[in-house]
Amino acid sequence: MRRLRDAVDAFERMESDEECARAVSEVLEEWPDLHARLRTIRRDRVKRLKSSGLTWKRIGSLLGKKGVSAARAQQIATDQRGEKRPPSSTAKGDPPAA
């Protein structure tokens with residue numbers, strides 16, 4: 001995570017607005033593929049942790065600063081995505097609820 005933060009910090013330190021904007025745009029264009037790769041890496045590593053004998057609860061505690069539930073850790077291993085929350089009725093541009 002530190003390397004990723006360092007990379008983002010490096011964008012902010014770029015002196016040329018044009019070069020920075022272009023570089024950030026390139027990363028953002030590739031983000032869907034990078035995101036998919038990260039999900040695959042995590043899934044594979046979670047599977048390896050499970051096959052090494054760790055419990056789902058322990059694996060969940062390793063994932064993120066606050067961890068995730070054992071059930072979510074198991075879902076990650078099988079590539080199941082969490083449900084998305086429905087958009088708020090007060091989302092920007094939506095009229096207020098009557």
Side-chain angles (χ1 to χ4, degrees):
M1 189 63 196
R2 181 176 166 85
R3 289 181 182 170
L4 180 56
R5 289 181 194 274
D6 289 347
V8 173
D9 291 345
F11 286 129
E12 288 181 325
R13 288 190 305 270
M14 292 176 79
E15 290 186 26
S16 168
D17 292 335
E18 289 181 20
E19 289 179 27
C20 179
R22 188 176 9 256
V24 170
S25 292
E26 185 177 332
V27 170
L28 291 173
E29 286 173 7
E30 292 187 34
W31 181 248
D33 294 332
L34 296 171
H35 184 257
R37 283 181 59 196
L38 288 170
R39 289 175 55 85
T40 299
I41 292 166
R42 179 179 65 171
R43 181 204 62 214
D44 293 348
R45 296 299 176 118
V46 165
K47 286 179 170 182
R48 287 170 50 178
L49 289 168
K50 183 60 178 164
S51 68
S52 74
L54 270 63
T55 64
W56 289 121
K57 183 176 180 179
R58 175 68 180 132
I59 294 168
S61 72
L62 299 171
L63 302 177
K65 291 180 181 178
K66 296 182 181 182
V68 301
S69 70
R72 180 67 190 125
Q74 191 171 10
Q75 289 173 343
I76 289 167
T78 59
D79 248 352
Q80 295 179 27
R81 295 184 181 209
E83 290 186 32
K84 300 272 184 190
R85 293 183 188 160
S88 141
S89 62
T90 59
K92 194 174 191 175
D94 289 345

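Excluded from the calculations below are hydrogen atoms, water molecules and symmetry mates; all remaining heavy atoms, backbone and side chain alike, are included.
Rounded to the nearest 0.5 Å, atoms CD (Gln75) and OG (Ser69) are 7.0 Å apart. In this structure, NZ on Lys57 lies 7.5 Å from OG1 on Thr55, to the nearest 0.5 angstrom.
A chain of hydrophobic side-chain contacts below 4.5 Å, direct or via other Ile, Leu, Val, Met, Phe, Trp or Tyr residues, connects Met14 to Leu28. Residues Val27 and Val8 do not share a hydrophobic cluster, defined by chaining ILVMFWY side chains whose heavy atoms lie under 4.5 Å apart.
You'll find the side chain of Ile76 stays beyond 4.5 Å of the side chain of Trp56, heavy atoms only. Leu63 places a side-chain heavy atom less than 4.5 Å from the side chain of Val46.
Residue pairs meeting the salt bridge (Lys or Arg N to Asp or Glu O under 4.0 Å) criterion with at least one member in residues 9-20: none, sequence neighbours excluded. Applying the salt bridge (Lys or Arg N to Asp or Glu O under 4.0 Å) test to every pair with at least one member in residues 31-46, sequence neighbours left out, gives these pairs: Arg43-Asp79.
Of all non-hydrogen atoms in Lys50 and Leu54, the two that sit nearest each other are CD-O, 3.2 Å.
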